Amino acid sequence: MAVDTLPNYINGLWVEADCRGLLDVENPSTGRTIARAPLSTGAELDRAVKAARAAFDGWRSTPVGRRVAHLYELRGLLREHSEEISRTLVEEMGKSLPDARAELKRAFENVEVACGMPVMQQGDKAVGASYGIDGEVLRLPVGVFAMICPFNFPAMVPFWFLPYALATGNTFVLKPSEQAPCTFHLITKFIDRIDLPPGVFNVVHGDRAVGEAMLEHPGVDGMAFVGSTPVAKMISERCAQNGKRCVAMAGAKNHLVAMPDADVDQMIRNMVTSCFGCAGQRCMAASAIVAVGDEMYDTVCERFVAASREVIVADPLDPEVADEPIVMGPVISARAKERILGLIEDGVKEGAHLALDGREIEVSGREGGYFIGPTVFTDAQPGMKVHRTEIFGPVVVILKAGSLDEAIGIINDQQYGNGASIYTRDGYNARKFKLDTRCGMIGVNIGIPAPVAHLPFGGMKASLFADIKAQGKAVINFLTQDKIITERYWPEA
Ligand code: NAD
């Protein structure tokens, strides 16, 4: 079967990429190549940035109501084609269809919130700042923003920034993940239909070379990055050196705390979805459970392991399982599988008990896929490699704590601070957890506390290198700069 090579989208045109080579994009359920992504060069990125710069003056002068009219249209097109987009997403990334649909829904929500920009971008006016003098704060777009995306949410993550950047009057250059570029290629076909002026939105496919060219390009005013912690840290440092605004959202190791008074049936169901949805490849996936007290520890070990055995591991596009809510697909690549298997081996070597071993799983008819079954370690100690490393696969460690304070200490002692949740009916303990846990997003009886689009999204510590979080009102501060006017007029003589 012929396999398409993805074009770039620059200055309103589909262009064959100036590239160093092509990368196979695989369906991780089968290992088959479904497309080829160009490894674009810095010269290609330069063309996209120049197009975005050239479009900026016209776009920032376009009334905000006109700018968001394009977004209304985009929302309609994306909704109309949501099933096609969801299936493309599943094919290249491997999450379940219900997960892909939910991802897309969050992308729509971000477009909807950005459509409120005519109100949200309004500035302030201080009449009578002094005698006969008024003060005024204008919230103006900055220029060209560039974004580097991860593989795990190829539809949603770009929408944490893109619709807000366009609505505020900035222009944009996007680099999708080279591991999952097809979803945004399809979305770009719909963006192409909303008649944005050429250059306002551009896509350049490629690997780190394109990302690095963005960091060095003098025409890029701000960078949004979402991906792993080492890259996020490097990007925030380079942006600081190069005078660029930057939000760099990074890795995670999210903990779930089971208190002795938790509703066990609800909690276990919720934990399984949080840990194994998307094969553990969500930045908000839980991968460590801390049970407080001996009794709850024994209950969690027994019930969580039993429930994990029930997770259906399959190709999510297999019609037999396509609409099951708890299907777990493959991990993204052969390389990711090898890395995760190595970390499981490390856990065994360092003495954690492998209570459920997903290493040998086979999915009939999908022998070329990168599947790992649900894997659970009990008797794990805080600080073990399996506890402190972001495994980004279907591997969970269960730890014991003697008290809530000890559980919070375990969470706070590790480097990441994206999300954490507590299961309890006790308001006092829930409040303590909310205030004392050093994570950016907290759940109370919610396993995946991913905030809706009109609230900010982002972590703390090594999970976020920025002062500002993504989506909602918060991101407008990142995408605009205040200009403060002080003015007076004398009466005509
Ligand atoms: P990754 O860091 O390997 O790659 C992310 C992107 O960065 C890709 O587009 C890649 O091409 C690019 N890149 C890699 N090295 C680069 C470099 N030196 N310079 C410039 N660009 C470079 O991450 P991934 O494996 O695609 O995604 C998984 C990671 O993303 C996990 O760590 C996950 O926790 C994180 N993530 C975080 C959030 C969040 O909200 N904090 C959301 C989604 C994913």
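Order of appearance sets the numbers: ligands from 1, and atoms from 1 within every ligand. Everything quoted here is computed from the prediction, not taken from an experiment.
- Scanning the protein heavy atoms around atom 16 (C) of ligand 1, the nearest turns out to be Arg208 CB, 3.3 Å.
- Checked by atom type, the side-chain pair Asn254/Tyr416 shows no donor-acceptor distance below 3.5 Å.
- Proximity to Met249 (heavy-atom distance under 4.0 Å) selects the following atoms of ligand 1: 39 (C), 40 (O), 41 (N).
- The protein non-hydrogen atom at the shortest distance from atom 41 (N) of ligand 1 is Ala250 O, 2.7 Å.
- For the residue pair Asp357 and Thr375, no side-chain donor N or O sits within less than 3.5 Å of a side-chain acceptor on the partner.
- Residue Thr229 has no N or O atom closer than 3.5 Å to an N or O atom of ligand 1.
- For atom 28 (C) of ligand 1, the closest non-hydrogen atom of the protein is Phe392 CE2, 3.5 Å.
- Between the side chains of Glu92 and Thr183, at least one donor-acceptor pair of N or O atoms lies under 3.5 Å.
- The atoms of ligand 1 that sit less than 4.0 Å from any heavy atom of Glu212 are 17 (C), 18 (N), 19 (N), 20 (C).
- For atom 25 (O) of ligand 1, a protein heavy-atom neighbour is found at a distance under 4.0 Å.
- The protein non-hydrogen atom at the shortest distance from atom 36 (N) of ligand 1 is Cys283 CB, 3.7 Å.
- Remark: ligand 1 atoms within the under-4.0 Å shell around heavy atoms of Asn152 are 43 (C), 44 (C).
- Within ligand 1, the atoms closer than 4.0 Å to a non-hydrogen atom of Ser177 are 9 (O), numbered from 1 in the order shown.
- The distance from ligand 1 to the heavy atoms of Val226 drops below 4.0 Å at these ligand atoms: 5 (C), 37 (C), 38 (C), 42 (C), 43 (C), 44 (C).
- Interface of Trp160 with ligand 1, defined as ligand atoms under 4.0 Å from a residue heavy atom, comprises 40 (O), 42 (C).
- Distance check: Thr88 OG1 to His185 NE2 gives 9.5 Å after rounding to the nearest 0.5 Å.
- Nearest non-hydrogen protein atom to atom 35 (C) of ligand 1 is Gly227 O, 3.1 Å.
- Residue-environment remark: NZ (Lys50) stays at or below the threshold of 12 foreign heavy atoms within 6.0 Å.
- Here the two rings, on Phe478 and Phe145, have centers that are under 6.0 Å apart.
- Residue Glu390 approaches ligand 1 through these ligand atoms, each under 4.0 Å from one of its heavy atoms: 31 (C), 32 (O), 33 (C), 34 (O).
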- Arg106 vs Glu109, salt bridge (charged side-chain N to carboxylate O under 4.0 Å, His left out): CA-CA, chis, key distance, verdict: CA-CA 5 Å; Arg106 189 53 59 81; Glu109 284 172 12; 2.9 Å; yes
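- Residue, atom and distance of the protein heavy atom nearest to atom 2 (O) of ligand 1 are Ser228 OG, 2.6 Å.
- Ranking protein heavy atoms by distance to atom 10 (C) of ligand 1, first place goes to Glu178 OE1, 3.6 Å.
- Side chain of Glu83 to main chain of Arg101: no donor-acceptor pair is present (N/O by atom type, distance under 3.5 Å, no hydrogens or angles).
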- Do Met156 and Phe159 pass the side-chain contact (heavy atoms from CB on, under 4.5 Å) test, and can you show the C-alpha distance, the side-chain angles, and the key distance before you say yes or no? CA-CA 5 Å; Met156 178 188 74; Phe159 282 91; 5.6 Å; no
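- Of the possible polar contacts, one joining the Asp315 side chain to the Leu317 backbone as a donor-acceptor pair under 3.5 Å is found.
- When non-hydrogen atoms are compared, ligand 1 lies under 4.0 Å from neither the backbone nor the side chain of Ala232.
- Closest to atom 9 (O) of ligand 1, if we only count protein heavy atoms, is Cys149 O, 2.7 Å.
- Between Phe392 and Phe151, the two ring planes are perpendicular [angle over 60°; tilted spans 30° to 60°].
- In this structure, Lys95 forms a cation-pi arrangement with Phe153, its terminal cationic atom sitting closer than 6.0 Å to the ring centre and no more than 45° off the ring axis.
- Taking only nitrogen or oxygen atoms, main chain and side chain alike, Pro150 does not reach within less than 3.5 Å of ligand 1.
- Residue Phe151 has at least one N or O atom closer than 3.5 Å to an N or O atom of ligand 1.
- Less than 4.0 angstrom separates some heavy atom of Phe225 from each of these atoms of ligand 1: 2 (O), 6 (C), 7 (O).
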- Hey, mind stepping through Tyr164 and Asn170 against side-chain hydrogen bond (donor to acceptor under 3.5 Å, both in side chains) and telling me if it holds? CA-CA 9 Å; Tyr164 303 98; Asn170 296 286; over 6 Å; no
